[in-house]
Amino acid sequence: QVQLVESGGGLVQVGGSLRLSCAASGRTFSSLAMGWFRQAPGKEREFVAAISWSGGRIYYADSVKGRFTISRDNAKNTVYLQMNSLKPEDTAVYYCAAGIIYFYSDYPKRTKYDYWGQGTQVTVSS
């Protein structure tokens, strides 16, 4: 029912910036929370940031707090991830996800998201 497409990944130097976009198509609802996850080779997929569509609720992983900013444009059904001060450990495939999430404490949980994009590669050179 919901299709998600990420864009904006690429190769950047340490300290550089990138802005990722996630465009949602199909039927969407204000109750759908949008999240960003990332996965490096040999590691589990980890939570990065999330935002609700119906309000301004935002949740960041401690590892990106102060460097990354998540935002939304509801008219375009698009969520963004502005990444600044990038580090080599930020290198990963970044995935957009959507789910019906009612509680703030559930935002970082992978199992709460029902829809996933195909991912976009972010590589930070040292």
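Quick note: numbers below take in every heavy atom, side chains included, and nothing from hydrogens, waters or symmetry partners.
- The backbone N or O of I70 lies less than 3.5 Å from a partner atom in the side chain of Y60, making a donor-acceptor pair.
- The two residues V93 and G119 come nearest to each other via the heavy atoms CG1-CA, 3.8 Å.
- Geometric assessment of R45 against the ring of F37 yields a negative cation-pi assignment under the 6.0 Å and 45° thresholds.
- The existence of a salt bridge linking D90 and K87 is excluded, since no basic side-chain nitrogen approaches an acidic carboxylate oxygen closer than 4.0 Å.
- Considering Y95, F68, Y59, Y107 in turn, Y59 is the only one that fulfils the ring-ring contact (aromatic ring centres under 6.0 Å, His included) rule with F47.
- Under the 3.5 Å distance criterion, the side-chain polar atoms of T120 are matched with a main-chain donor or acceptor of G9.
- In terms of heavy atoms, L18 sits closest to G8 at CD2-O, 3.7 Å.
- Under a hydrophobic clustering in which Ile, Leu, Val, Met, Phe, Trp and Tyr are joined whenever their side-chain heavy atoms come within less than 4.5 Å, directly or via other members, Y115 and Y80 fall into different clusters.
- To the nearest 0.5 Å, atoms OH (Y102) and CZ (R57) are separated by 14.5 Å.
- Within the 4.5 Å cutoff, no side-chain heavy atoms of K109 are placed close to those of I101.
- Interatomic distance, CH2 of W36 versus CG of L20, reported as 4.5 Å (0.5 Å rounding).
- The number of heavy atoms from other shown groups lying within 6.0 Å of CD (Q121) is above 12.
- Annotation: the span from S126 atom OG to E89 atom CD amounts to 10.0 Å, rounded to 0.5 Å.
- How far CD of Q3 is from CG of N77: 13.0 Å, rounded to the nearest 0.5 Å.
- When atom types are taken as modelled, the side chain of E6 and the backbone of Q118 share a donor-acceptor pair closer than 3.5 angstrom.
- Between C96 and W116, the closest side-chain pair of non-hydrogen atoms is not below 4.5 Å.
- Contact record, Q13 with S125: CA-OG, 3.5 Å, taken as the closest heavy-atom pair.
- Judged by distance alone, with hydrogens and angles left aside, the side-chain atoms of S52 form no donor-acceptor pair with the main-chain N or O of A33 at under 3.5 Å.
- Expressed to the nearest 0.5 Å, how far OG1 of T69 lies from CG of N84 amounts to 6.5 Å.
- At least one side-chain heavy atom of R38 sits under 4.5 Å from a side-chain heavy atom of S63.
- The shortest distance between side-chain heavy atoms of L86 and V14 does not fall below 4.5 Å.
- M34 and A98 get closest at one heavy-atom pair: SD-CB, 3.5 Å.
- The cluster map of Ile, Leu, Val, Met, Phe, Trp and Tyr, joined by side-chain heavy atoms under 4.5 Å apart, puts V79 and I100 in the same cluster.
- Crowding of E44 atom CD: a count of heavy atoms from other residues, nucleotides or ligands under 6.0 Å not exceeding 12.
- Atom CG of L81 is separated from atom CZ of R19 by 10.5 Å, given to the nearest 0.5 angstrom.
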